Student: 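Dropping the structure in here first, questions after.
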Amino acid sequence: MAEEAVRKKVKGDWKETAMKALFIVAAAAFIAALLVICAFIFVQSVPALKEVGVFEFLFSDKWNPGKGEFGIATMIVGSCYVTAGALVIGVPIGFLTAIFMARYCPRPLYRVLKPMTNILAGIPSIVYGYFGLRVIVPFIRDNFGGYGQSILACSIVLGVMILPTIISVSENSLRAVPKSYYEGALALGATKERAIFCTEVPAAKSGIMTSIILGLGRVIGETMAVVMICGNQTRFPDSILDGVRTLTANVVLEMSYVEMGSVHESALIATAAVLFVFILIITLLIALIRKSSR
Amino acid sequence: METETIKKSLTEREETQTDVAQIVSINRVSFADKLRAYMKRPFSFALLILVLIAAAVTVGAVAYVVLYALIQGIPHLKPSLFAWEWTTLNQSMLPALINTLLLAFFALLIAVPIGVFAAIFMVEYAKSTNAFVKIVRMAAETLAGIPSIVYGLFGMIFFVKLFGWGYCLLSGICTMAIMILPLIMRTTEEALKAVPDSFREGSFALGAGKLRTIFVIILPSAMPGIISGVILGLGRVVGETAALLYTAGSTCRVLGLMGDSRTLAVHMYLLANEGLHVGEAWATGVVLILLVVLINGLAEFVGNKLKKEYN
């Protein structure tokens, strides 16, 4: 009887160890995936960087694959403008909506609102792109001038696209804040808004930050919506009504007709590598911010 | 004499009782009171207004995008759009639809276990000061930020060329699985963290092992959060175009795992790019949106059911 119990326990321990090992392997898969992706993207971009020169590639504003000119300065600037525009529109609206959903929304309304934001999250970027092309672009063309395919159009469409990410992640983190924070603030005489913005929001900071990182990642990574509405001109924009070409748009536009194994192909992969470096810098910056805020 | 005092005390009691009924609680706040309180604190009032405006804008955006797509697309939803074979005449989306479902299923089959297991390790086993954990978190955050087009390029270099699979569904599946990993891990992590520690302590106190605690107590409690993560992942797979254009290919037929396959979103992109089939493009968009709504509803339903069962 006792022996059996012991054997059972040992058997259980074996299972525990095996599953723990499995969990560790799953976690390690993330590191492996990142390393492999890094290695392949960077190695494949070396030929172009050698041929053109790193400085020339990054700071020349001439992109003309036919003549062997590969400079992506205009696209770096384009990506930055579009990303900034989308965040300016998406982050405040998403953050405030998350607060509404977590703390103001009456239950019946919440039952309608939550699925709505889920729908927004599910709408494919290509639909947003087509919507932008058919609705936002003509609207801007008719009301503000220009061709319509512009930084402004991209900012609006991408701003809406990141809303659900920001809302759902921020809302979850706000809900995870213990109720006593809110009640304590109220008991000290704070208004509801003060209680939320001054006690709950700081407590949910890491989740809100995460939501912005995810949103930022989505904007920078967005390709299909952008390529349809950004205009794709390789020049420096003078205003938000001018068209730009982003790094992502450059890759997807030219990948379809690029010659296999040519410098052009390598230059496109190098464009992706630059994008990758941007992501690394952003991730690092945010990690530093989070560390210092602790 | 005695009866009189009794009577008196009775009437007194009645009086006090009626008094109780008439008492107005002092902390009852009417709308006017709220308004007055807000007027004293204009900053709070401004914040309230901002919050309400933001919520209204969000609702407006959802309604506008969805309704516009539906109005443009539904008149073009004809039976010929769902013919078995795609031709240049009918622009059928059925092959693309089947490819999308296959791709999403297999990508999730790979990504969900890995993502959830990794999250379990991060939350339940590892101490947050551990160097390995820090590296994994950093890797996940970086992966989450990598643009889908970079995944597409990587898939093309790695699966299509290096493995020699060519443009095929399998290349697309593997690319998408890597792409949604971080999303699933992060949402699962947040969900696991939101489970109160008393659940774990209670389970251990009742003699359950770590594994049993995780699978019987913690995962079910965290299920809604995990499922909402899977929904987001699914939405990304179904709607992904950039990462699939150069991995899964663009042939509008169902050719199995090793065949060049066009998914629904790629189908819509190609239709939109040609500019010849505006109505069909919107109809495809409507199907994409409906698909997502349907999946969302189902997943949420399952999540709620599981939650109830274990509560």
Side-chain angles (χ1 to χ4, degrees), chain A residues 12 15-16 19-20 22-24 26-27 29-31 33-34 37 40-41 44 93 96-97 99-100 104 115-116 118-127 130-131 135 160 163 168 172 176 191 193-194 197 207 213-214 217 220-221 223-224 248 251-252 255 269 272 275-276 279-280 282-283 287, chain B residues 41 44 47-48 50-51 54-55 57-59 61-62 65-66 68-69 114 117-118 120-122 125 135-136 139-150 153-154 157-158 178 181 190 194 209-211 225 228 231-232 235 238-239 241-242 246 265 268-269 272 281 285 288-289 292-293 296:
Chain A
K15 236 194 225 161
E16 300 260 342
M19 284 307 279
K20 188 179 174 184
L22 193 63
F23 295 150
I24 292 176
F30 282 78
I31 303 173
L34 182 62
I37 291 174
F40 276 86
I41 295 291
Q44 298 270 336
I93 297 177
L96 291 173
T97 307
I99 287 174
F100 178 78
Y104 287 92
M116 272 179 104
N118 278 346
I119 290 172
L120 204 58
I123 296 177
S125 56
I126 186 73
V127 176
Y130 204 43
F131 178 80
V135 179
V160 172
L163 280 181
S168 73
N172 281 346
T191 58
E193 285 71 29
R194 205 182 164 85
F197 282 91
I213 300 172
L214 289 172
I220 294 187
T223 315
M224 302 327 280
T248 51
V251 177
V252 85
M255 208 66 206
I269 295 173
L275 207 61
F276 202 160
I279 296 290
L280 289 179
I282 290 166
T283 317
Chain B
R41 297 177 181 80
S44 289
L47 280 176
L48 174 72
L50 279 178
V51 166
V57 168
T58 305
V59 173
V62 183
V65 174
V66 173
Y68 190 87
I114 299 179
F117 283 0
I120 289 174
F121 173 74
M122 302 290 281
Y125 286 90
I135 296 172
V136 172
E141 261 165 33
T142 315
L143 281 176
I146 293 178
S148 60
I149 184 69
V150 175
L153 269 184
F154 166 74
I157 300 168
F158 196 69
I178 301 176
L181 266 182
E190 293 278 334
K210 185 116 189 162
L211 217 52
S228 91
I231 294 173
L232 287 175
V238 171
T241 319
Y246 301 119
M268 184 178 173
Y269 172 65
L288 273 174
I289 293 174
V292 168
V293 170
N296 276 8

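Naming convention: chains lettered A, B, ... in sequence-line order (proteins, then strands); numbering from 1 in each chain. Computed from a predicted model, the values in this text were never measured in an experiment.
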Student: Is the shortest heavy-atom distance from the side chain of A/Ile279 to the side chain of B/Val150 under 4.5 Å?
Tutor: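 SC-SC contact between A/Ile279 and B/Val150 ruled out.
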Student: Of the backbone (N, CA, C, O) and the side chain (C-beta and beyond), which part of A/Leu275 lies under 4.5 Å from a heavy atom of chain B, both, or neither?
Tutor: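 It is the side chain, since no backbone atom gets that close.
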Student: To check you understand the geometry: which heavy-atom pair defines the closest contact between A/Arg194 and B/Ser44, and what is its length?
Tutor: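 Closest approach of A/Arg194 to B/Ser44: N-OG, 4.4 Å.
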Student: Any side-chain heavy atom of A/Met116 within less than 4.5 Å of one from B/Val66?
Tutor: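 With C-beta onward as the side chain, the pair stays apart.
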Student: Side chain from CB out, backbone as N, CA, C, O: work out which of these in B/Ile146 comes under 4.5 Å of a heavy atom of chain A, or both, or neither.
Tutor: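 Both parts, backbone and side chain.
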Student: Quick check on B/Tyr125 against chain A: is it the side chain, the backbone, both or neither that has a heavy atom closer than 4.5 Å?
Tutor: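 The side chain, not the backbone.
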Student: B/Ile135 versus A/Phe30: any side-chain heavy-atom pair under 4.5 Å?
Tutor: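 No, their side chains stay 4.5 Å or more apart.
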Student: Less than 4.5 Å to any heavy atom of chain A: does that hold for the side chain of B/Phe154, its backbone, both, or neither?
Tutor: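 B/Phe154 touches chain A through backbone and side-chain heavy atoms alike.
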Student: Of the listed residues (A/Leu120, A/Leu96, A/Thr248), which shares the most heavy-atom pairs with chain B below a 4.5 Å separation?
Tutor: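 It is A/Leu96.
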Student: Is B/Leu47 close to A/Thr191 at the side-chain level, that is, under 4.5 Å between some pair of heavy atoms?
Tutor: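 A side-chain contact under 4.5 Å is absent here.
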Student: For residues B/Thr241 and A/Thr223, determine if any side-chain heavy atom of one lies less than 4.5 Å from a side-chain heavy atom of the other.
Tutor: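 Sidechains of A/Thr223 and B/Thr241: no contact.
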Student: Over all heavy atoms of both residues, which pair between B/Ala55 and A/Phe100 is shortest? Give the atoms and the distance, please.
Tutor: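 Closest approach of B/Ala55 to A/Phe100, heavy atoms only: CB-CD2, 3.5 Å.
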Student: Quick check on the interface: out of A/Ile37, A/Ile220, A/Leu163, A/Val135, who has the most heavy-atom pairs with chain B under 4.5 Å?
Tutor: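 The candidate making the most pairs under 4.5 Å is A/Ile37.
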Student: How close do B/Pro147 and A/Gly221 get, counting heavy atoms only, and between which atoms?
Tutor: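 Minimum heavy-atom separation between B/Pro147 and A/Gly221: CB-CA, 3.2 Å.
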Student: Is it the backbone or the side chain of A/Ile31 that comes under 4.5 Å from a heavy atom of chain B, or both, or neither?
Tutor: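 Its backbone and side chain both get close to chain B.
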Student: Could you pull out the closest heavy-atom pair between B/Ile114 and A/Ala29, with the gap in Å?
Tutor: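 Here B/Ile114 and A/Ala29 meet closest at CG2-CB, 4.2 Å.
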Student: Below 4.5 Å from any heavy atom of chain B, which atoms of A/Val160 appear? Answer side chain, backbone, both or neither.
Tutor: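 Side chain only.
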Student: What part of A/Phe276 gets within 4.5 angstrom of chain B, counting heavy atoms only: side chain, backbone, both, or neither?
Tutor: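 For A/Phe276, the side chain is the part near chain B, not the backbone.
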Student: Taking B/Thr142 for the side chain and A/Leu280 for the main chain, is one N or O donor matched with an acceptor at less than 3.5 Å?
Tutor: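 Flag not set: sc B/Thr142 to bb A/Leu280 has no pair under 3.5 Å.
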Student: Can you tell me which portion of B/Leu181 sits under 4.5 Å from chain A's heavy atoms? Options are side chain, backbone, both or neither.
Tutor: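 Both the backbone and the side chain of B/Leu181 come within 4.5 Å of chain A.
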Student: Can you tell me how far CE of A/Met19 sits from CD1 of B/Ile120, rounded to the nearest 0.5 angstrom?
Tutor: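 Rounded to the nearest 0.5 Å, the CD1-CE separation comes to 7.0 Å.
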Student: Closest approach of A/Ile99 and B/Val51, non-hydrogen atoms and distance?
Tutor: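 A/Ile99 and B/Val51 have their closest heavy atoms at CG2-CG2, 4.2 Å.
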Student: Side chain, backbone, both or neither: which part of B/Leu48 has a non-hydrogen atom closer than 4.5 Å to chain A?
Tutor: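 Answer is both: backbone and side chain atoms of B/Leu48 are under 4.5 Å from chain A.
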Student: Tell me, for A/Tyr104 versus chain B, whether the close heavy atoms (under 4.5 Å) come from the side chain, the backbone, both or neither.
Tutor: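 Contact with chain B is through the side chain of A/Tyr104 alone.
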